[in-house]
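Beneath this line is the structure, given in structure tokens, with notes to follow.
Throughout, a chain's letter reflects where its sequence line sits, starting with A, and its residues are numbered from 1.
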2 protein chains.
Amino acid sequence: MGATKTDHFTDKQNAIATLAKAIGHPARVAIIEYLMKVDTCICGDIVNELPLAQPTVSQHLKELKNAGLIKGNIEGNAICYCIDEKAIEKLQNYFGNISTKLTKKKNDCC
Amino acid sequence: MGATKTDHFTDKQNAIATLAKAIGHPARVAIIEYLMKVDTCICGDIVNELPLAQPTVSQHLKELKNAGLIKGNIEGNAICYCIDEKAIEKLQNYFGNISTKLTKKKNDCC
DNA sequence: TTTTTAGATTGCAATATTACGATAAATGTT
DNA sequence: AACATTTATCGTAATATTGCAATCTAAAAA
């Protein structure tokens, strides 16, 4: 088929999957890291930073935005993109939770 | 094209992307969560737990294993799968780092 | 040894993703 | 107004992913 069966899973599971999927591409990881590095948010030069054409970068930004990982504000001619902290916190909490539960459990069977 | 240009990005970026991509599917999130819930690691009944056919689950397990998120041991006839803590820790650290850097920065431009 | 059980692999169809050239839309500059 | 700049969108080609039926392998049980 090729279509993900999102109906069969919980909203939380789908939410985490959506966030993780958005980060699941090196270009989008690079974009996130670039947004971290740059002080000002006017980030039209992501294209210059990445080895990808402008439409491709625009598409990646769109996916990050759809997933809720970044926010974008129109600022005159350019656009100001920046990371949405809430999404990062969700991921941090999720993996933090798993990590602590695992150490409690001492899952050393493998 | 359709092929990800991994060559142009750093190893770290590709590593994070690989891990995130593996979690970027609700079925694989559900598998991870099931592995957490179950005490014993003999987890052949993941198939019964998920609304997916056996070959599909097997494929998802393979991807999780390739990405380094889970480990699998042959245990007689069945197989013992469990989460690889190191991978989870990597993700936790990564997002934790971003989170703390963001709060330091007070990125409130958007 | 035959049969069952657990899991992987193969092959295939449907859909999604990635990437980019060309083009469009919208604002800024001259 | 004419042009430049910035970003988005469209169209399209190449590749990847998802899902499953059918089949295969290997160990366990009978």
Q.
Here's a test of your reading of the structure: between B:Ala3 and A:Thr6, which maps to the more 5' nucleotide of DNA chain D?
A. B:Ala3

Q. Using a cut-off of less than 4.0 Å, is there contact between a side-chain N or O of A:Lys62 and OP1 or OP2 of D:dT7?
A. no

Q. How close do A:Leu19 and A:Ala67 get, heavy atom to heavy atom, and via which atoms?
A. CD2-O, 3.3 Å

Q) Whole-Å distance between C:dT18 P and A:Ile23 CD1? A) 13 Å

Q) Can you check the B:Ile31 CD1 to D:dG19 P distance for me, whole Å? A) 10 Å

**Q.** Donor-acceptor pair between B:Gln92 and A:Gln92 side chains, under 3.5 angstrom
**A.** no

Q: Check for a donor-acceptor pair, side chain of B:Arg28 on one end and backbone N or O of B:Ile23 on the other, with a separation under 3.5 Å.
A: no

Q.
From the set D:dA16, D:dA21, D:dT7, return the single nucleotide nearest to any side-chain atom of A:Ile79.
A. D:dT7

Q | Which atom of A:Leu50 lies closest to which atom of A:Ile31, heavy atoms considered | A | CD1-CG1, 3.6 Å

Q. CD of B:Glu63 versus P of D:dA16: gap in Å, rounded?
A. 13 Å

**Q.** Salt bridge flag under 4.0 Å for residues A:Glu33 and B:Lys101
**A.** no

Q: Please state whether the phosphate of D:dA16, meaning OP1 or OP2, lies under 4.0 angstrom from any side-chain nitrogen or oxygen of B:Lys21.
A: no

Q: Look at the side chain of A:Gln59 and decide which nucleotide, out of D:dA16, C:dT18, D:dT7, has an atom nearest to it.
A: C:dT18

Q: From the options C:dA16, C:dA19, C:dT5, select the nucleotide whose nearest atom is closest to the side chain of B:Asn77.
A: C:dT5

(Q) Check the phosphate of D:dT17 against B:His60, side-chain N and O only, distance under 4.0 Å to OP1 or OP2. Yes or no? (A) no

Q.
From CG of B:Leu52 over to C1' of C:dA8, roughly how many Å is that when rounded to an integer?
A. 16 Å

Q) Can a side chain N or O of B:Tyr81 be found less than 4.0 Å away from OP1 or OP2 on C:dA6? A) no

(Q) Check the phosphate of D:dC20 against B:Thr56, side-chain N and O only, distance under 4.0 Å to OP1 or OP2. Yes or no? (A) yes

Q. Could one point to a donor on the side chain of B:Gln54 or the base of C:dA6 with an acceptor on the other under 3.5 Å away?
A. no

(Q) Rounding to an integer number of Å, can you tell me how far A:Leu64 CG sits from D:dA8 C1'? (A) 16 Å

Q: Would you mind reading off the distance between B:Asn66 atom CG and D:dA16 atom P, rounded to a whole angstrom?
A: 15 Å

Q: In whole angstrom, give the distance that lies between atom CG of B:Asn73 and atom P of D:dA27.
A: 15 Å

Q) Reckon A:Thr4 touches a base, only the sugar-phosphate, or nothing at all at heavy-atom distances under 4.0 Å? A) sugar-phosphate

Q. Rounded to whole angstrom units, what separation is found between the CG atom of A:Leu50 and the C1' atom of C:dA19?
A. 13 Å

**Q.** Any A:His25 side-chain nitrogen or oxygen under 4.0 Å from OP1 or OP2 of C:dA19
**A.** yes

